[in-house]
Amino acid sequence: MLSSRGALVGAPLLRAALGLGLGPGQRRAASEAHGQGWLQPAGCDTGVKVYNSRTRRKDPLIVGSADATSWYSCGPTVYDHAHLGHACSYVRFDIIRRILTRVFGCNIIMVMGITDVDDKIIRRAREVLPPTVYLRVTENIPQIISFIEGIIAKGHAYSTAKGNVYFDLQSRGDKYGKLVGVAPGPVGEPVESDKRHASDFALWKAAKPQEMFWASPWGNGRPGWHIECSTISSQLTVHAGIDLAFPHHENEIAQCEVFHQCKQWGNYFLHSGHLHVKGKEEKMSKSLKNYITIKDFLKTASPDVFRLFCMRSSYRSAIDYSDGAVLEAKHLLLAATAFVEDARAYMRGQLVCGPIGEDVLWERLSHTKGAVKAALADDFDTPGAVDAIMDLIHHGNRQLKAVTKEPGGPRSPAVFGSIVSYIEQFFETVGISLADRQFVSGDSGSATLHSVVEELVRFRLKVRQFALATGEATREARRQQLLERQPLLEACDTLRQDLVAHGISIKVSPSHQGPVTVGVITLRCRVSSHHCTQGTVKAQTSHHADVACEHTHLVTN
């Protein structure tokens with residue numbers, strides 16, 4: 001959720017959270033009311049349009065100052081090994097933060113709130129930019145108590161004889177429910193509940209036996225969940241959350257609007273979608289026991305692969321997790337890596353190609369830059385941006401087709417240098433490094449497998465060299481020698497075909513490294529068969545999904 005404080009007039013909305021039902025016509029009217037009365041804040045236009053849960057439309061993102069835009073993020077609440085559902089949400093918002101910073105020039109000062117009032121919570125490291133500062137709830141208890149006192153003083157909260165403090169939702173009238181068309185009704189309350197109304201929510205909870213507690217004017221206890229973020233985030237420009245529109249963000253709005261006496265707290269609210277298990281209409285969660293831990297995921301794929309997997313869908317949409325979707329992201333990343341390596345080989349004169357259509361590539365590069373920025377400015381459309389990048393790679397690969405003869409005319413290193421620089425910059429912007437090898441560590445057998453395959457390919461090459469070497473023999477003698485050695489060549493071809501069945505293909509292209517170099521042997525390996533950790537990692541440059549990476553080795557006499 002992104003928000004910017006303001007004192008604007010909000011639309012009259014629903015009282016569904018108070019238990020009042022609505023008919024179809026009322027729901028439609030409520031939906032149409034979203035956006036009415038909402039005014040664009042003053043400040044610096046970032047050039048980005050974001051989907052605003054408040055208005056249910058894309059609005060220009062205006063920040064107070066591009067030089068210092070403060071950003072608050074609700075921190076993780078993780079009780080055990082963090083799972084991919086946690087990672088997906090935080091990676092998506094990390095990508096948005098990077099885009100705002102590195103593409104649209106916002107200097108983000110990020111603060112993360114950590115809910116540490118329960119000692120079972122374990123903070124887990126994530127592959128994201130670290131916050132500028134962490135704010136722990138336990139370090140802000142006096143501020144939270146003062147915030148609650150302010151809400152009570154304004155008549156919107158009450159304390160009970162049991163030492164609890166509740167927000168009085170009926171005091172908000174029809175101003176509650178700004179992010180959801182119809183807020184869920186109140187859940188059943190225990191008989192011993194001391195609330196005035198079933199929908200009231202806790203600002204301060206009286207201490208239970210063996211719980212952590214702090215002293216307060218209402219007795220020993222600890223803060224409620226929603227008040228923590230309201231207190232910490234009240235003075236910040238950007239407020240980032242996950243999929244917490246109801247009740248967390250609704251309650252934050254209610255608390256902050258009555259405390260600050262403003263009619264619109266938070267101009268923008270962005271929410272990310274859940275990570276779903278493929279084929280099931282349920283989110284990945286600990287309670288449903290359908291989760292995959294980050295630790296287990298990293299045994300089969302790299303953090304960069306997961307980051308690209310997250311970028312293949314809009315941050316607002318639910319995303320289906322499946323092995324196939326992860327494998328697709330892996331192939332795309334390896335394809336980008338392969339192109340960069342091939343283009344560099346061409347620039348060094350190690351890859352022989354036909355004449356390059358420079359004008360076409362320069363035009364394609366310019367078009368891609370515009371398409372990528374337009375996509376990112378349109379509610380952070382990372383799928384569109386990735387598609388534009390992969391289309392540029394496709395056009396570059398068409399120009400890098402190897403030929404068997406040395407072509408005439410000059411080479412075209414400048415255009416490929418510019419393309420490589422832009423592609424690397426794009427991936428670096430979103431937190432992906434093409435310089436890192438895209439493999440999974442910890443596979444003890446992969447190095448041995450690579451060595452065996454390499455020696456096998458070298459042996460095959462020597463056999464072929466012997467079979468084709470005829471020296472200075474007469475034409476008839478050479479014909480006879482080749483005829484006698486034909487079974488050796490056929491055996492080499494059979495071996496090559498057999499290796500393909502195991503996901504390894506061999507290609508030999510002319511090299512120009514000097515007379516001692518016999519050729520360049522490329523091993524291509526299916527990642528699904530094993531995880532390569534050796535050689536210069538490259539990738540299948542076409543869109544075939546069954547080949548994932550390749551290694552280039554110079555073979556000398």
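Fair warning: this is a prediction, and the values are worked out from it, not measured in the lab. In this chain, residues are counted from 1 in sequence order.
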Heavy-atom side-chain proximity of Leu169 to Phe167 below 4.5 angstrom: yes
Under the side-chain contact (heavy atoms from CB on, under 4.5 Å) criterion, do Leu203 and Gln255 qualify, and how do the steps go? CA-CA 9 Å; Leu203 303 182; Gln255 292 167 158; 3.0 Å; yes
Of all the heavy-atom pairs spanning Ser313 and Thr382, show the shortest one and how long it is. O-OG1, 3.7 Å
Please say whether the positively charged group of Arg316, taken as NZ for Lys or CZ for Arg, lies over the ring of Tyr51, i.e. under 6.0 angstrom from the six-membered ring centre and within 45 degrees of the axis. yes
Using the side chain to side chain donor-acceptor pair (under 3.5 Å) rule, collect all pairs that involve residues 149-158, keeping only residues at least two apart or in two chains. His156-Ser171, Tyr158-Asp200
For Asp304 and Arg307, run salt bridge (charged side-chain N to carboxylate O under 4.0 Å, His left out): C-alpha distance rounded to whole Å, both residues' side-chain angles, the deciding distance at 0.1 Å, then the answer. CA-CA 5 Å; Asp304 284 339; Arg307 187 169 285 258; 5.3 Å; no
Distance check, rounded to the nearest 0.5 Å: Glu328 atom CD versus Ser322 atom OG? 9.0 Å
Go through the steps for Arg57 and Asp59 under the test salt bridge (charged side-chain N to carboxylate O under 4.0 Å, His left out), then give the verdict. CA-CA 6 Å; Arg57 70 187 181 210; Asp59 294 317; 2.7 Å; yes
Once side chain to side chain contact (heavy atoms under 4.5 Å, CB included) is applied, do any residues pair with Glu424, and if so which ones, sequence neighbours excluded? Val340, Arg344, Val420, Leu434
Do Ser302 and Val305 have side chains that approach each other closer than 4.5 Å (heavy atoms only, starting at C-beta)? yes
Going through the distances and angles, do Ser314 and Phe380 end up as a side-chain contact (heavy atoms from CB on, under 4.5 Å)? CA-CA 8 Å; Ser314 167; Phe380 312 107; over 6 Å; no
Which residues share a salt bridge (Lys or Arg N to Asp or Glu O under 4.0 Å) with Asp381, sequence neighbours left out: none
Looking at Gly417, is its backbone amide N or carbonyl O close enough to the side chain of Ser421 to form a donor-acceptor pair, meaning the two atoms are under 3.5 Å apart? no
One should read off an interatomic distance between Trp214 CH2 and Ile141 CD1, to the nearest 0.5 angstrom, of 4.5 Å
Of all heavy-atom pairs linking Ile62 and Pro41, the shortest is CG2-O, 3.4 Å
Under the 3.5 angstrom rule, does the side chain of Ser146 hit a backbone N or O of Pro142 as a donor-acceptor pair? no
What I'd like to find out is whether the side chain of Val91 reaches to under 4.5 Å of the side chain of Phe309, using heavy atoms alone. no
Considering only NZ, NE, NH1 and NH2 on the basic side and carboxylate oxygens on the acidic side, decide whether Asp387 and Arg312 come within less than 4.0 Å. yes
Of all heavy-atom pairs linking Glu257 and Gln264, the shortest is OE2-CA, 3.3 Å
About how many Å separate OH of Tyr321 and SG of Cys310, when rounded to the nearest 0.5 Å? 11.0 Å
Got a second to check how far Glu250's CD is from Arg172's CZ, nearest 0.5 Å? 9.5 Å
Could you tell me if the side chain of Asp296 sits less than 4.5 Å from the side chain of Lys299, heavy atoms only? yes
Contact check, side chains of Tyr90 and Asp94, non-hydrogen atoms, under 4.5 Å: no
Give me the one residue out of Ile151, Ile145, Ile144 that meets side-chain contact (heavy atoms from CB on, under 4.5 Å) with Ile148. Ile144
If you take the centroid of each ring, where Trp contributes its six-membered ring, are Phe201 and Tyr166 closer together than 6.0 Å? no
Look up atom CG in Asn140 and atom CD in Glu228, then write down how far apart they are to the nearest 0.5 Å. 10.0 Å
Quick one: do Leu298 and Phe306 satisfy side-chain contact (heavy atoms from CB on, under 4.5 Å)? Show the steps, please. CA-CA 9 Å; Leu298 293 178; Phe306 183 75; 6.0 Å; no
Show, in sequence, the C-alpha distance, side-chain angles and deciding distance for Asn164 and Trp204, and conclude whether the side-chain contact (heavy atoms from CB on, under 4.5 Å) test is met. CA-CA 5 Å; Asn164 296 308; Trp204 187 262; over 6 Å; no
Minimum heavy-atom separation for Pro223 to Ile227, with atom names? CB-CG2, 3.8 Å
Could you check if a side-chain atom of Phe426 sits within less than 4.5 angstrom of a side-chain atom of Ile432, using non-hydrogen atoms only? no
Can you confirm whether Thr101 sits close enough to Asn107 that some side-chain heavy atom of one is under 4.5 Å from a side-chain heavy atom of the other? no
Any residue meeting salt bridge (Lys or Arg N to Asp or Glu O under 4.0 Å) with Asp378, in chain and number order, not counting sequence neighbours: Lys58
Which atom pair, heavy atoms only, marks the closest approach of Phe104 to Gly47? CE2-O, 4.4 Å
Distance from Met390 atom CE to Phe339 atom CZ, nearest 0.5 Å? 10.0 Å
Do you know the tightest heavy-atom contact between Phe147 and Ser230? CE1-O, 3.9 Å
Could you tabulate the donor-acceptor pairs under 3.5 Å formed by side-chain atoms of residues 361-376, not counting sequence neighbours?
unit_1, atom_1, unit_2, atom_2, d
Arg364, NH1, Asp391, OD2, 3.2
Thr368, OG1, Arg364, O, 2.8

Taking the side chain as everything from C-beta on, heavy atoms only, tell me whether Thr231 gets closer than 4.5 Å to Phe259. no
Among residues at least two apart in sequence or on other chains, which ones pass side chain to side chain contact (heavy atoms under 4.5 Å, CB included) with Thr46? Val48, Leu61, Val63, Cys106
